[in-house]
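These notes concern the structure reproduced below.
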Number of protein chains: 2
Amino acid sequence: MLRSAALVGSGMALTAGGGAALAAAESEMARIRKAAESNRDADIKRIQDWIRLPSIAAENLNMAEGAAYMADLAKSAGFTGVTTVPSDGYPGVFGVMDNGAKRTLGIYFMYDVKQFDPAEWSSPPLEARIVDKPGWGKAIMGRGAVNQKGPEATLLATLHAMKKAGVKPPVNLVLLCEGEEEIGSPHFKQIATRPDVLAALKKCEGIFIPASWQGANGEVQVNLGSKGVIELELVASGEKWGRGPKGDIHSSYKAMVDSPAWRLVQALQTLVTPDGNNVAIGGWSDNVRPLTDREKALIAEAAKGMNEAQMKQSFGLTHWIDDLPFEQALIRLAQEPTANIEGLVAGYTGPGGKTVLPGRAVAKMDFRLVPNQTRAEAEQKLRAHLDKHGFTDIEANVSGGYDPTEVAEDSRLIKAELAAYAKLGVKANLNPRLAGSWPGAVFTAPPVSIPAGHFGIGHGSGAHAPDEYYVVESTNPKVAGITEATLGYAEIMYQLASVR
Amino acid sequence: MLRSAALVGSGMALTAGGGAALAAAESEMARIRKAAESNRDADIKRIQDWIRLPSIAAENLNMAEGAAYMADLAKSAGFTGVTTVPSDGYPGVFGVMDNGAKRTLGIYFMYDVKQFDPAEWSSPPLEARIVDKPGWGKAIMGRGAVNQKGPEATLLATLHAMKKAGVKPPVNLVLLCEGEEEIGSPHFKQIATRPDVLAALKKCEGIFIPASWQGANGEVQVNLGSKGVIELELVASGEKWGRGPKGDIHSSYKAMVDSPAWRLVQALQTLVTPDGNNVAIGGWSDNVRPLTDREKALIAEAAKGMNEAQMKQSFGLTHWIDDLPFEQALIRLAQEPTANIEGLVAGYTGPGGKTVLPGRAVAKMDFRLVPNQTRAEAEQKLRAHLDKHGFTDIEANVSGGYDPTEVAEDSRLIKAELAAYAKLGVKANLNPRLAGSWPGAVFTAPPVSIPAGHFGIGHGSGAHAPDEYYVVESTNPKVAGITEATLGYAEIMYQLASVR
């Protein structure tokens with residue numbers, strides 16, 4: 001079976017599923033729906049209010065405030081024993097909800113958001129205005145709308161609706177939140193392995209982060225893992241090198257003074273093949289597990305439902321890497337480790353020119369990792385490569401990262417997700433590996449060792465970009481608005497409670 | 001003779017020189033000194049007021065206002081027929097002063113200044129406050145203080161002093177000003193060759209820009225030429241390339257999308273030798289005229305008066321390029337063409353990281369040129385190199401530049417400068433080639449074809465950098481304050497009038 005038995009195009013109406021246990025749930029779901037409908041304005045406002053308090057770890061912005069706000073949101077939704085979990089960085093937030101159920105579901109939240117430049121937005125990123133997104137419907141526009149406050153608050157809306165409907169969730173819940181996701185979760189393992197937190201997580205069948213990634217055709221992906229990543233700054237400086245200037249000097253001196261900017265360029269170009277497309281660091285791919293035939297077949301199947309032309313247009317490009325056909329490009333997306341330059345910063349960066357010889361040059365980079373590469377291995381091999389090429393003075397300042405993750409297709413979490421999507425009439429494609437990265441390895445690797453993934457319906461876009469949005473009122477019958485998305489989170493709880 | 005017959009350490013007092021014509025000047029100089037002393041406060045205020053109106057061509061800041069202000073300054077100093085000279089860019093300013101003399105001296109001014117970031121300054125860059133510079137004395141601190149408003153306004157102070165003293169300048173004067181020096185004077189040739197301007201310039205024995213570059217030992221350089229330069233942005237973009245994204249996309253897509261940032265890195269590294277120190281563009285040095293033995297000897301002689309340790313300390317480095325000894329490094333400074341990275345800008349440039357794959361990457365560059373390279377040749381060879389290496393999509397957007405200049409050691413301008421410095425008791429070192437660049441080629445090359453250089457005493461520093469300053473009250477007996485610098489400009493006029 002290449003994908004779940006999805007009821008494509010059947011809209012959001014609940015259809016009769018199999019299984020006696022589910023029958024009882026049907027009436028509860030109807031009551032939850034009614035409560036969710038009456039809570040709708042409050043549920044939207046909850047997202048908007050949260051967006052108005054941006055927590056950005058990279059800028060030390062509202063971190064204590066963001067954690068306290070997160071704790072209040074959790075308490076208000078019915079979690080008990082809610083506490084902040086201190087770390088060597090910014091705190092996590094932890095809470096549980098014992099519903100006297102047999103099984104326990106873990107929920108992972110991030111309360112931080114990505115940096116933003118208001119000048120690039122068509123609507124002020126902290127105002128969370130309701131805007132019209134043609135083809136999608138009414139959406140909240142603001143930083144964090146889809147990544148990840150919108151979907152997360154929608155899950156909280158589910159709990160509010162259940163409470164109002166007098167329905168006890170059919171699973172126990174464990175909620176763990178962090179505020180450093182956007183800087184690579186440098187202290188999340190510390191938070192997740194505090195004894196009481198670890199004990200709670202180990203009881204979970206699995207854990208997911210709420211997500212709203214339905215495409216225009218209503219389809220979603222169920223990810224069986226994700227790439228890892230290390231994020232770092234490569235820094236060449238006169239200070240460390242002893243050759244270039246410490247600060248910026250007049251550029252005429254280039255004839256008698258070395259240039260840290262050229263040194264950075266020379267070091268960078270050793271990291272990749274001449275086309276910039278493959279990592280050329282010694283031994284980089286030694287531990288790479290190639291995709292299996294099944295994994296490739298899953299990608300090929302998923303490719304059929306994707307719109308290549310639209311994707312090319314949205315990226316503004318005319319060729320995939322290596323001139324690959326679409327299906328092969330998608331396989332490459334899942335398969336290959338990458339070296340990416342996120343940003344370059346040296347010397348004068350304003351309008352026009354300025355005749356300086358900069359004393360410091362920085363490449364902001366991310367390296368995506370695939371199973372069975374590890375973050376620690378990547379750091380060590382990068383350092384060894386730089387040293388071997390004589391760039392011992394060039395700093396590789398790793399700011400964060402994640403190991404890759406893998407989740408078994410036959411785990412209860414994945415089976416429940418597929419069953420829930422089927423019940424909701426949403427076609428779900430099994431995706432062997434998300435090309436993006438998330439701190440799931442904190443859960444999938446020892447000592448926690450539970451399945452971890454993403455779940456949710458609805459739509460939003462613009463993560464890390466201007467004009468990020470989250471649809472609350474969908475005009476596309478295949479895509480969920482906030483009320484349907486709220487019911488989606490109830491559905492996964494019922495499915496996890498009953499799946500074999 | 002390796003240098004002028006300088007009277008080292010004799011201070012600023014006028015000493016008797018040879019030549020009957022100079023005898024008459026002595027009493028005039030005494031009157032000019034008295035007038036300059038009484039004008040001192042107004043002369044300082046003139047500099048401060050000018051600094052408070054920054055004209056920055058790169059930012060289209062106060063350009064019309066700056067030209068009008070420049071014209072007013074010229075008229076007030078006694079120039080006649082003062083007009084703005086329109087160009088395809090920002091206007092020049094032109095004026096003459098017919099003193100019925102036999103010879104004519106050209107004066108070149110720039111009314112624009114370099115960009116600045118107030119956050120980097122210890123004193124607000126537009127307030128032109130008087131600050132204490134230990135070891136130097138009281139100085140005006142502000143953008144343009146030494147580059148070039150301070151020295152220029154000091155020359156205007158000379159004319160004000162002469163007028164007040166009832167002394168007619170011993171030479172006729174031609175003043176030509178531009179407002180695009182800091183962006184590479186892209187339209188200055190157009191301004192200098194307008195028929196009336198050209199006719200006036202061709203009457204000049206030579207032309208100089210006022211400069212205040214005395215070192216702590218009181219010495220100055222007389223430059224026999226300068227390097228040329230082209231300044232440009234090298235741009236790699238998905239838009240031109242058709243392969244990378246047009247805008248920034250999520251970095252996880254690197255595995256299926258090409259990267260303009262990597263493309264820029266790959267193109268950059270072909271431009272120089274692996275150490276970043278020599279231009280590797282095909283045929284780049286074909287027209288380079290090596291330094292003559294005399295030129296090398298002049299540099300070696302000048303090196304003796306320089307403080308290598310202090311220079312290294314001010315740059316914050318421990319080794320010159322190629323581990324050269326100081327004298328060889330200084331020869332290399334004059335001799336070699338350079339490729340310099342002024343700045344790198346791509347993708348995310350703020351604090352921390354951001355997982356984007358940028359659609360555009362820019363290297364801001366300058367290439368210094370030596371005789372007999374030309375700007376046109378450099379542009380053509382850079383383009384040909386990029387094309388030959390397959391980088392036809394990479395833009396090389398040249399924003400400005402200058403050809404190199406050369407001035408004959410036996411020209412009246414140079415002879416008058418050396419005689420003036422001798423008369424002023426200032427040791428002058430002949431420097432075969434300034435490593436910096438200026439639009440002097442507009443004067444030295446056809447159709448103007450007159451000697452062009454720099455002249456002036458006094459001290460300032462920090463051109464293009466924070467905390468730029470110009471000393472007005474010197475506590476170093478070897479270095480001129482504003483009144484002595486004012487007299488210096490009178491001295492060059494008398495010397496040019498009488499030199500053989």
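Because the structure is predicted, anything quoted here is derived from the model rather than measured. Lettering of chains follows the sequences in order, A, B, ..., and the numbering in each one begins at 1.
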Side chains of [X] and [Y]: does their closest heavy-atom pair fall under 4.5 Å?
| X | Y | value |
| --- | --- | --- |
| W438(B) | V229(B) | no |
| V113(B) | N147(B) | no |
| L268(B) | W262(A) | yes |
| I299(A) | L291(A) | yes |
| I281(B) | F367(B) | yes |
| H250(A) | S252(A) | yes |
| I183(A) | P186(A) | yes |

Does any heavy atom of chain B fall under 4.5 Å from the side chain of [X], the backbone, both, or neither of them?
| X | value |
| --- | --- |
| Q269(A) | both |
| S237(A) | neither |
| I249(A) | side chain |
| A329(A) | both |
| Q115(A) | both |
| E342(A) | both |
| A363(A) | neither |
| K114(A) | side chain |
| L333(A) | both |

Exercise for the section: Could you tell me which residues in residues 314-321 of chain A have at least one non-hydrogen atom under 4.5 Å from a non-hydrogen atom of chain B, sorted by residue number? Expected result: F315(A), G316(A), L317(A), T318(A), H319(A), W320(A), I321(A)

What do you reckon, is [atom1] of [X] surrounded by more than 12 foreign heavy atoms closer than 6.0 Å?
| X | atom1 | value |
| --- | --- | --- |
| Q310(A) | CD | no |
| K240(A) | NZ | no |
| R360(A) | CZ | no |
| Y402(B) | OH | yes |

If you tally heavy-atom pairs under 4.5 Å against chain A, which of [options] wins?
| options | answer |
| --- | --- |
| L357(B), D366(B), T355(B) | T355(B) |
| P274(B), G184(B), S259(B) | P274(B) |
| G352(B), A57(B), A346(B), P260(B) | A346(B) |
| E233(B), E239(B), E59(B), R243(B) | R243(B) |
| A261(B), A463(B), S251(B) | S251(B) |
| I331(B), D323(B), L264(B) | D323(B) |

Chain A contact via [X] - side chain, backbone, both or neither, heavy atoms under 4.5 Å:
| X | value |
| --- | --- |
| K354(B) | both |
| K254(B) | both |
| L271(B) | side chain |
| A339(B) | both |
| D322(B) | backbone |
| T349(B) | both |
| T273(B) | backbone |

Handout entry: Ring geometry between H389(A) and F391(A) (parallel below 30°, tilted from 30 to 60°, perpendicular above 60°)
Key = parallel

Problem - Side-chain donor-acceptor pair present, S437(A), R368(A), cut-off under 3.5 Å - result: yes

Handout entry: Test item: side-chain donor near acceptor, N340(B) and Y253(A), under 3.5 Å
Key = no

Exercise for the section: Please step through side chain to side chain contact (heavy atoms under 4.5 Å, CB included) for the pair V370(A) and Q373(A), ending with a clear verdict. Expected result: CA-CA 6 Å; V370(A) 301; Q373(A) 295 180 299; 3.8 Å; yes

Problem - Under the salt bridge (Lys or Arg N to Asp or Glu O under 4.0 Å) test, residues paired with K246(B) that sit two or more places apart - result: none

Let's test your reading of the structure: which of [options] forms the most heavy-atom pairs below 4.5 Å with chain B?
| options | value |
| --- | --- |
| G350(A), S399(A), A334(A), A361(A) | G350(A) |
| A58(A), P351(A), G436(A) | P351(A) |
| N278(A), D275(A), T338(A) | T338(A) |
| P245(A), G244(A), G353(A), G400(A) | G353(A) |
| M365(A), R332(A), Q328(A) | R332(A) |
| G247(A), G347(A), G276(A) | G276(A) |

Problem - Residue pair E468(B), F116(B): steps toward the side chain to side chain contact (heavy atoms under 4.5 Å, CB included) verdict - result: CA-CA 10 Å; E468(B) 180 179 353; F116(B) 56 92; over 6 Å; no

Problem - Residues D393(B), R263(B): salt bridge by 4.0 Å N-O rule - result: yes

Handout entry: side chain to side chain contact (heavy atoms under 4.5 Å, CB included) between D248(B) and H464(A), worked out
Key = CA-CA 10 Å; D248(B) 297 356; H464(A) 297 195; over 6 Å; no

Problem - Side-chain donor or acceptor of N223(A) paired with backbone N/O of G225(A) under 3.5 Å - result: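 Side chain of N223(A) to backbone of G225(A): no pair is present.
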
